[in-house]
Amino acid sequence: MTFRKTASISLSIFSFFFLYSLFFYGGILEANAKTDTKNPAVNASTPQKKWAVIDGFRSAKFGMDEKKVKRAIAKDFKISKSKIDRKVHPIQKTLTLNVNIPDLFATGGTACITYILGHKSKKLMHINVLWGRGAAEKVDGKDVFTTANLLRTHFLKKRYKEEGLVANGKLSDTSTMVFRGKDKKNRMILLMLGTQLKEEGMTDEQIINSTSLVLSYLLNPDEPDVRKIVIQEDEF
């Protein structure tokens, strides 16, 4: 199996189950972990700030069908349709369009972008941008941490709903929610950072270079358009 296929499959799995499965290497991310939106340093909803508008990623907007998303990808990254990896999730029945973009941003290295279209709507509802482990064979972990810090600072320039607003929310010793915020329409930005736990024989540099960073744009984080399989009470 090629690296590209491996990255694409892992991103399909990430689509809705990555929220608490990533890992964080402590000590490098700037500032202390905080989830208290009453703290002025964390609160991004002060009156002088403009409301965030979360409607997609670059030219790809929520509600677009497959053809329009592919056109947006071509416009943003000059990529032909043949280089877009198309998959259907075996359980959720969502459609994913995956592309690898070298140097998407000034830091972070190669990024793998996944566009997810809903099971019933067949429209764009979720976008993941992955840097680090899973997106590149050679990872500069410090560069990925820099990207996380820059993105958090950038997102905090806008206003979000108070409820659920998070900046550097430490979930565990190995997982940090760098940022989470919702706009007026309850659409969400979510930024998760992590790495693997230290194994015997691993150096600190190897741990840092196992870092992964996932930036997600979600149309409806509470009720995603995925196939739900429910076993009825008397079915089995």
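One-based numbering along the sequence shown. Note that the coordinates shown come from a computational prediction; the quantities given were computed from them, not determined experimentally.
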Of all heavy-atom pairs between [X] and [Y], which one has the smallest distance, and what is that distance?
{"X": "Phe145", "Y": "Ile208", "result": "CE1-CG2, 4.2 Å"}
{"X": "Thr96", "Y": "Ile116", "result": "CG2-CG1, 4.0 Å"}
{"X": "Gly108", "Y": "Trp131", "result": "O-CD1, 3.5 Å"}
{"X": "Leu130", "Y": "Ser212", "result": "CD1-CB, 4.2 Å"}
{"X": "Thr203", "Y": "Gln206", "result": "N-OE1, 2.9 Å"}
{"X": "Val129", "Y": "Ala111", "result": "CG1-CB, 4.1 Å"}

Hey, what do you get for [atom1] ([X]) to [atom2] ([Y]), rounding to the nearest 0.5 Å?
{"X": "Asp140", "Y": "Thr146", "atom1": "CG", "atom2": "OG1", "answer": "8.0 Å"}
{"X": "Lys123", "Y": "Lys68", "atom1": "NZ", "atom2": "NZ", "answer": "7.5 Å"}
{"X": "Lys49", "Y": "Lys157", "atom1": "NZ", "atom2": "NZ", "answer": "10.0 Å"}
{"X": "Met125", "Y": "Asn220", "atom1": "CE", "atom2": "CG", "answer": "9.0 Å"}
{"X": "Ile189", "Y": "Asp183", "atom1": "CD1", "atom2": "CG", "answer": "8.0 Å"}
{"X": "Met192", "Y": "Leu213", "atom1": "CE", "atom2": "CG", "answer": "10.0 Å"}

Is there a donor in the side chain of Lys161 and an acceptor in the side chain of Asn186, or the other way round, less than 3.5 Å apart?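 Note: Lys161 and Asn186 side chains meet the donor-acceptor criterion.
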Check whether more than 12 heavy atoms from other residues, nucleotides or ligands sit under 6.0 Å from atom NZ of Lys184, and answer yes or no. no
Any sub-3.5 Å donor-acceptor pair from [X]'s side-chain atoms to [Y]'s backbone N or O?
{"X": "Asn128", "Y": "Ser216", "result": "no"}
{"X": "Asp225", "Y": "Lys120", "result": "yes"}
{"X": "Arg180", "Y": "Val166", "result": "no"}
{"X": "Ser121", "Y": "Leu117", "result": "no"}
{"X": "Lys122", "Y": "Leu95", "result": "no"}
{"X": "Arg227", "Y": "Ile91", "result": "yes"}

Report the hydrophobic cluster partners of Phe236, with the cluster defined as I, L, V, M, F, W, Y residues connected by side-chain heavy atoms closer than 4.5 angstrom, directly or transitively.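 Taking Ile, Leu, Val, Met, Phe, Trp and Tyr as members, Phe236 shares its hydrophobic cluster with Ile231.
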Joint hydrophobic cluster, Val53 plus Leu219, side-chain heavy atoms closer than 4.5 Å: no
Side-chain heavy atoms nearer than 4.5 Å, only ILVMFWY residues, links allowed to pass through others: does that put Val139 and Phe105 together?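 Unlinked, Val139 and Phe105 end up in two clusters.
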Salt bridge (Lys or Arg N to Asp or Glu O under 4.0 Å) with Glu235: which residues, sequence neighbours excluded?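 Per chain and number, Glu235 pairs via salt bridge (Lys or Arg N to Asp or Glu O under 4.0 Å) with no residue.
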Full working for side-chain contact (heavy atoms from CB on, under 4.5 Å) between Val226 and His89: CA-CA 10 Å; Val226 300; His89 194 284; over 6 Å; no
Parallel, tilted or perpendicular: which describes the rings of Phe179 and Phe155, with under 30° parallel and over 60° perpendicular? tilted
Please test Leu193 against Val144 for side-chain contact (heavy atoms from CB on, under 4.5 Å), starting from the C-alpha separation and ending with a verdict. CA-CA 9 Å; Leu193 180 70; Val144 177; 4.2 Å; yes
Considering only residues two or more places apart or on different chains, which pairs with a residue in residues 70-80 satisfy side chain to side chain donor-acceptor pair (under 3.5 Å)? Ser59-Asp76, Glu66-Lys70, Ser80-Ser82
Sequence neighbours left out, what pairs pass salt bridge (charged side-chain N to carboxylate O under 4.0 Å, His left out) with at least one residue falling in residues 51-60? Asp55-Lys61
What pairs with Lys198 under side-chain contact (heavy atoms from CB on, under 4.5 Å), at least two apart in sequence or on another chain?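 Residues passing side-chain contact (heavy atoms from CB on, under 4.5 Å) with Lys198: Met202, Asp204, Ile207.
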Could you please spell out the steps behind the side-chain contact (heavy atoms from CB on, under 4.5 Å) verdict for Lys182 and Tyr160? CA-CA 5 Å; Lys182 288 184 177 182; Tyr160 303 86; 5.8 Å; no
How far apart are the C-alpha atoms of Ile84 and Asn98, what are their side-chain angles, what is the distance that settles it, and do they pass the side-chain contact (heavy atoms from CB on, under 4.5 Å) test? CA-CA 6 Å; Ile84 299 174; Asn98 305 297; over 6 Å; no
Non-hydrogen side-chain atoms of Ile113 and Ile73 separated by less than 4.5 Å: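 Result no, sub-4.5 Å side-chain heavy-atom pair not found.
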Which residue pairs pass the ring pair (Phe, Tyr, Trp, His ring centres under 6.0 Å) test with at least one member in residues 60-85, sequence neighbours excluded? none
